[in-house]
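Worksheet: the structure to be examined is printed underneath.
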Amino acid sequence: MTSLKSDFLQILTERDFIHQVTDLEGLDAKMAAAEKEGPISAYIGFDCTGTSLHVGSLVQIMMLRWLQKCGHKPIVLLGGGTTRIGDPSGKDESRKLLTDDDIAHNMAGIRTIFDQFLSFGDEPSGATMVNNAEWLDQLGYIDFLREIGTHFTINRMLTFDSVKLRLDREQPLTFLEFNYMILQAYDFMELGKRYNCSLQMGGSDQWGNIVNGMELGRRSAGLSLFGLTTPLITTADGKKMGKTADGAVWLNEESLPAYDYWQFWRNTQDADVGKFLRLFTELPLDEVKRLESLEGAEINDAKIILANEATKMCRGAGAADAAHATAKETFERGGAGSDLPTVAVSAGLFETGINVVDLFIEAGLGASKGEVRRLIKQGGAKLNDVKVDDAEAMVTNSALEGGQIKLSAGKKRHALIKIGE
RNA sequence: GGAGGGGUGGCCGAGCGGUUAAAGGCACCAGACUGUAAAUCUGGCCUCGUAUGAGUACACAGGUUCGAAUCCUGUCCCCUCCA
């Protein structure tokens, strides 16, 4: 492996973050010279269509974190302006146009995530969050076309993968979508001008957009810009990572409790442990090597470390410890950790008694009565770790253990029922 | 604006008057095996009912028929080609 001069690129290379770089040596030299010439700023764009981001964005977030650790300045660009148009790529869903309030709300939610990973502030390496509405909102169409449009040829745009794929497959591509790449290119240039940002990073699908931005910056503003992309992160069986039964694995607590977040990492397949440790934790590489070489049941220890580290970073040490403790209690001792999903019910409920099936639904462990009955029939339902055989059984005060009841659906899904006021 | 094609269960996709709660695949859930892994096997996968069963359901609204996802009419939406 050729050794790089800058810490940042060295780390990224070792940890398999890099898919492509526009000018590795040039960028390396520039970053290595930071001590004399000051840190460089780099940005990654994020969509703000929701109040949270999911693990799919985590690679990018980790890159910004490393960037900051290496003394450079991370810029988080939120697509406030582009979100207002609505991203046309997800064309199966009718795109909803977000109001300004929605967008502001979403941005606030996303900000709380970045607060965990980055340190914001005015110091040279302090992170900043920028909204592209800042410049996009004021764009005049004609001026924009004259200034920016002249730098793009349709011939060239047609050669981009994102466009070509659509055309080859004879799928429609709207004009709006076609313009997206120009707007993204414009973002890069504006960030270069306003924030002296010289590097854009992103997923491998962003390569074309990044390159466009570099060229626009050079031609229109004389900027020297760089681009870097990450590979698409897939699990060992070839799926895009980050999807679970209930959808995305969200990064913020409101969308996904820390316990579930921890569990997501804990349930990583063997074959992915090393990869994930490299990308999503900051453990030293020799430690990662040791952990990923564990075999058989021992690799579970590596998964626990992965879960702890990942959760700590995203949700804080306290949340990670609590999740770990609960998992230990629940899985290793068959008890009930306090961090399990908990549902409070009124005391009166057990005076008269409640049907087990209804109780499971109450606890969120089943969507319909039929589903819970099936679960019981198949032997997957447990109440205080005792298999439930009778779907007609009533649960009364006598089932309470220390004021709570532990319900389990299968081996992994558990919930606590507690008496509330 | 003109011509044509289409909207089926979470997704893909068969069905094209009765034997269709709707083939098949994917995803998902549970069980077995294990290590809270993967792979594999078994069962399940609209709602209500222990179940025979009942109720809803094939874009929406009507109609034809003993009987419709299947035929007809209207509405909405999507796509392709032409202008």
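Keep in mind it's a predicted model, so treat the numbers as computed, not measured. Chain letters run A, B, ... following the sequence lines, proteins first, then strands; residues in each count from 1. Basis for what follows: all heavy atoms, side chains included, without hydrogens, waters or symmetry-related copies.
The separation of B:C58 from B:G53, taken at their P atoms, amounts to 23 Å, rounded to a whole angstrom. Going from the C1' atom of B:G6 to that of B:G35 covers 50 Å, rounded to whole Å. Using atom P as the reference point in both B:C72 and B:C82, the two lie 28 Å apart (nearest Å). B:G31 and B:C16 have their P atoms separated by 40 Å, with the value rounded to a whole Å. Of the C1' atoms belonging to B:G17 and B:A68, the separation is 6 Å, rounded to the nearest Å. A gap of 16 Å separates the P atoms of B:C76 and B:C60, to the nearest Å. For the C1' atoms, the distance linking B:U20 with B:G13 amounts to 16 Å, nearest Å. Distance check on atom C1': B:U8 versus B:A83 gives 34 Å, rounded to whole Å.
Between the side chains of A:H19 and A:T230, not a single donor N or O lies within less than 3.5 Å of an accepting N or O. Defined by atom type and a distance below 3.5 Å, a donor-acceptor pair is present between the side-chain atoms of A:N308 and A:W262. Between the side chains of A:T112 and A:D115, no donor N or O sits under 3.5 Å from an acceptor N or O.
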**Request:** Could you run through nucleotides 33-38 of chain B and give me one letter per nucleotide, 5' to 3': B if any protein heavy atom sits under 4.0 Å from the base, S if only the sugar-phosphate is that close, - if neither?
**Result:** BBBBBS
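Between A:A409 and A:I361, the residue whose closest nucleotide on RNA chain B is further toward the 5' end is A:A409. Nearer the 5' end of RNA chain B, as judged by each residue's closest nucleotide, is the contact made by A:L375, out of A:A367 and A:L375.
Put simply, the side chain of A:F188 does not reach to within 4.5 Å of the side chain of A:V211, judged on heavy atoms.
Of all nucleotides present, only B:U47 satisfies the Watson-Crick or G-U wobble test against B:A54, with each distance under 3.5 Å. Taking a pair to require two hydrogen-bonding distances under 3.5 Å in either a Watson-Crick or a G-U wobble arrangement, B:A68 remains unpaired. Here B:A14 sits opposite no nucleotide as a Watson-Crick or G-U wobble pair (both hydrogen-bonding atom distances under 3.5 Å). Under the Watson-Crick and G-U wobble criteria, each requiring two contacts below 3.5 Å, nucleotide B:G4 is paired to B:C79. Across all strands shown, B:A39 forms no Watson-Crick or G-U wobble pair with both distances under 3.5 Å.
Aromatic ring centroids of A:H414 and A:F331 lie under 6.0 Å apart. The ring of A:W265 has its center closer than 6.0 angstrom to the ring center of A:F276.
Rounded to an integer number of Å, the gap from A:K387 NZ to B:A30 P is 14 Å. Nucleotide B:A51 holds its P atom 12 Å from the CD1 atom of A:I376, rounded to whole Å.
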Below 3.5 Å between N/O atoms, which protein atoms pair up with nucleotides 42-46 of chain B? Just atom names and distances, please.
residue	atom	partner	partner atom	Å
B:G43	N2	A:Q378	OE1	2.9
B:G43	N2	A:Q378	NE2	3.3
B:G43	N3	A:Q378	OE1	3.0

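Ring geometry for A:F264 against A:Y261 counts as tilted: the plane angle lies between 30° and 60°, on a 0 to 90° scale.
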**Request:** Just do the ring-ring contact (aromatic ring centres under 6.0 Å, His included) check on A:F120 and A:F114 with the steps written out, would you?
**Result:** CA-CA 9 Å; A:F120 287 81; A:F114 282 103; 7.0 Å; no
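Between A:E215 and A:R218, none of the side-chain N atoms (NZ, or NE/NH1/NH2) sits under 4.0 Å from a carboxylate O, so this pair counts as no salt bridge. Salt bridge absent: A:K312 and A:D321 never bring a charged side-chain N and a carboxylate O closer than 4.0 Å.
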